[in-house]
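Structure first, then comments.
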Protein chains: 2
Amino acid sequence: MNDKVTIKTIAKMANVSHTTVSRALNNSPLVKEKTKKEIRELAERLNYSPNLNAKALVEHRSFIIAVYFTDLNSGTSPSFMSEMLHQIKEMLPAGYEIAVDSFAGLRRANQSINLRFDGALVVSQSSSDDVYIDQLAKTGKPVVVLNREIERDDLFNYASDDYSGTVTAIEYLLRMGHKKIGIISGKEEFASSQNRLNAFVDVLNKHNINLNDNWMVTGDYSVKSGYNAMEKILNAGELPTCIFASNDDMAMGAIRACQDYGFNVPDQISFVGFDGSAYSNYFIPRLTTIKKPMREITNKGLKTLNNLINNKNITPIEFMNIKPSLVVRESVKKIN
Amino acid sequence: MNDKVTIKTIAKMANVSHTTVSRALNNSPLVKEKTKKEIRELAERLNYSPNLNAKALVEHRSFIIAVYFTDLNSGTSPSFMSEMLHQIKEMLPAGYEIAVDSFAGLRRANQSINLRFDGALVVSQSSSDDVYIDQLAKTGKPVVVLNREIERDDLFNYASDDYSGTVTAIEYLLRMGHKKIGIISGKEEFASSQNRLNAFVDVLNKHNINLNDNWMVTGDYSVKSGYNAMEKILNAGELPTCIFASNDDMAMGAIRACQDYGFNVPDQISFVGFDGSAYSNYFIPRLTTIKKPMREITNKGLKTLNNLINNKNITPIEFMNIKPSLVVRESVKKIN
DNA sequence: ATGAAAGCGCTAACAT
DNA sequence: ATGTTAGCGCTTTCAT
């Protein structure tokens, strides 16, 4: 255990002041090349690694990027989360850590946000996040909100256009001849659920198609909730010819329920999901779905955050609603 | 923006020294209750929040728990990862951050481990992690390795017993009358793949059942790789009556392939998976699988790490291989 | 091109 | 019960 090699250790060995060591290690032009080289070699040999706490204290930055999710164990699909973290980590400059946390966790523990971060990336699902987003914004540090449209114009914000994605889905169903259309909604407090539900209602209204209350049920975005929701529909009398599920996980659960109750998908009941999850293409039947533009959203967000942190920010605050796309596979049957 | 409220700000306002403020805020018994109360109220009112960098510098700890995965975008199943992070976050004392990182990321960027952490939790899949685990161990700080059995006895280590789990699976298949058994292995460099493959071979040998090379293929734990692997088996001539897939994701991909090639599962080909993933119970057919004891592993690991960090450690270093359990569902058919 | 000294915000001896 | 002082490891004036 090489006990605490600091710049002073190196300074002594190199017969220079610790100031010079600091400058050399930070590649300051003020230090002679020869000296720099010596010091660097020494640092390498001693396995020196700077004390980030000290550096952070004096530089007023922490080398930490906070990544907040609405909740870590529900609502946010695991594959979304892991892809997100991977992408963030890859795009971040070396030396930065990502601190993962959730607003739901803070709420449960009655805590406030941690103030030690240089920039925050919020993957928001619910307007209940707003109080925390506000706390983050008040720090004056760079904050970028992803995934959900927020009602403030002082923060960069990139989201997927859930409304238009749902319109695309429902219009596709109509084109395929469906008129009896049901919906399995997601968590009621999630903006995405609300937007998708609103779009669903609007499109059917626009086409003068009656809404059947029995065919409109609510889940919580989990596979199991999709299963339960579908059971309700299956037990309610007349059946719809197709279901729009607010996400792929619930669609899969619901299709499972159809199978258990002896209904063939898509012959008797068709399904459209939402997300474009990794499993959707391998499910039986392969799921027709609306693919969320995750990569684009994350990419945009991280570029912006990096710029903000490095003060390379010239662009004004921007909001972008990125359009998802329809992926046609096997779970929707064309009917006359 | 309340610019930098420090203990000195509070000290001045309360007409005490900053030391007293520090003590009061840390609930030292040396401070009079009345003074404490005043100071606390003042802190609250001023929205004071301690500078963790300063605190970390002087206390020689950082309030950061490092969580390392082998890779963030492959090998580690997303649902495993998100459940893990959730559990970790819930069990951690308030004020701690979790810094998520991956060894694969470090390798790609040619970086070393970050030294700013009070304890590290390693979710290891591969022996290629060992070089980094060694770096972590050398810091002398608490390190707990999860998920994979490591070949050193100076670190706490909790893993799932992949070998025995696979034995259970294969013996179940034999009991169900199967003799023509194939395997789809996971990433070759992953210990879990090797252990599962070894157990597979050993059990069949023990029962004097021939190994058929055509029925032994390798994937990479992804759904897609399961699909591709199964295609190979399907195209290779005589078919096995069942397949042991090294994880659920590959099983699902493989079943998808069977479906596409017109084979019924489980009537023509049976399947056993491994993991007990969230989707396995909703797949069609519901997947019979070996459930990894994730929760137990994570729980054990975190308790130990917490104890280690708080020096409550009396137990000697321990290694535990926790046994997984068979979950019988619908993907295995009994044959005469 | 290099060094001396100050200070970031906090805790901890060591007074009193 | 409270204050004074020093110091954690680093960067940054200000000298030289």
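Residue numbers begin at 1 in each chain, while the letters A, B, ... track the order of the sequences.
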Charged tip of B:K4 within 45° of B:Y48 ring normal and under 6.0 Å: no

Within the distance-only criterion (no hydrogens, no angle test), does the side chain of [X] pair as donor or acceptor with the backbone N or O of [Y] below 3.5 angstrom?
X: B:R61; Y: B:K55; answer: no
X: A:D129; Y: A:T70; answer: no
X: A:N157; Y: A:R148; answer: yes
X: A:K141; Y: A:F117; answer: yes
X: A:S193; Y: A:K187; answer: yes

Can you tell me how far [atom2] of [N] sits from [atom1] of [X], to the nearest Å?
X: A:N51; N: D:dT11; atom1: CG; atom2: C1'; result: 13 Å
X: B:I39; N: D:dG3; atom1: CD1; atom2: C1'; result: 12 Å
X: B:K34; N: D:dA1; atom1: NZ; atom2: P; result: 13 Å
X: B:H18; N: D:dG3; atom1: NE2; atom2: C1'; result: 9 Å
X: A:N27; N: D:dT11; atom1: CG; atom2: P; result: 13 Å
X: A:K8; N: D:dC8; atom1: NZ; atom2: C1'; result: 9 Å
X: B:K55; N: D:dG9; atom1: NZ; atom2: C1'; result: 19 Å
X: A:L57; N: D:dT11; atom1: CG; atom2: P; result: 11 Å

Presence of donor-acceptor pair under 3.5 Å, side chain of A:H60 and base of D:dT11: no

Distances under 3.5 Å between protein N/O atoms and the N/O atoms of nucleotides 13-16 of chain D, please, pair by pair.
none

Outermost DNA chain C nucleotides near chain B [under 4.0 Å, heavy atoms]: C:dG9 to C:dA13

Residue-phosphate contact under 4.0 Å: A:N53 side-chain N/O, D:dG9 OP1/OP2: no

Any B:T35 side-chain nitrogen or oxygen under 4.0 Å from OP1 or OP2 of D:dT2: yes

From CA spacing to verdict: side chain to side chain contact (heavy atoms under 4.5 Å, CB included), A:M84, A:M294: CA-CA 8 Å; A:M84 197 99 186; A:M294 301 289 203; 6.0 Å; no

Earlier contact from the 5' end, DNA chain D, for B:S17 and B:A54: B:S17

For A:A54 against B:L57, the heavy-atom pair lying closest together: CB-CD1, 3.7 Å

Carboxylate-amine/guanidinium contact B:R152 B:D134, below 4.0 Å: yes

Touch class at under 4.0 angstrom, heavy-atom based, for B:V58 against every strand present: base

Side chain of B:L30 (C-beta onward), nearest among D:dA6, D:dT2, D:dC10: D:dT2

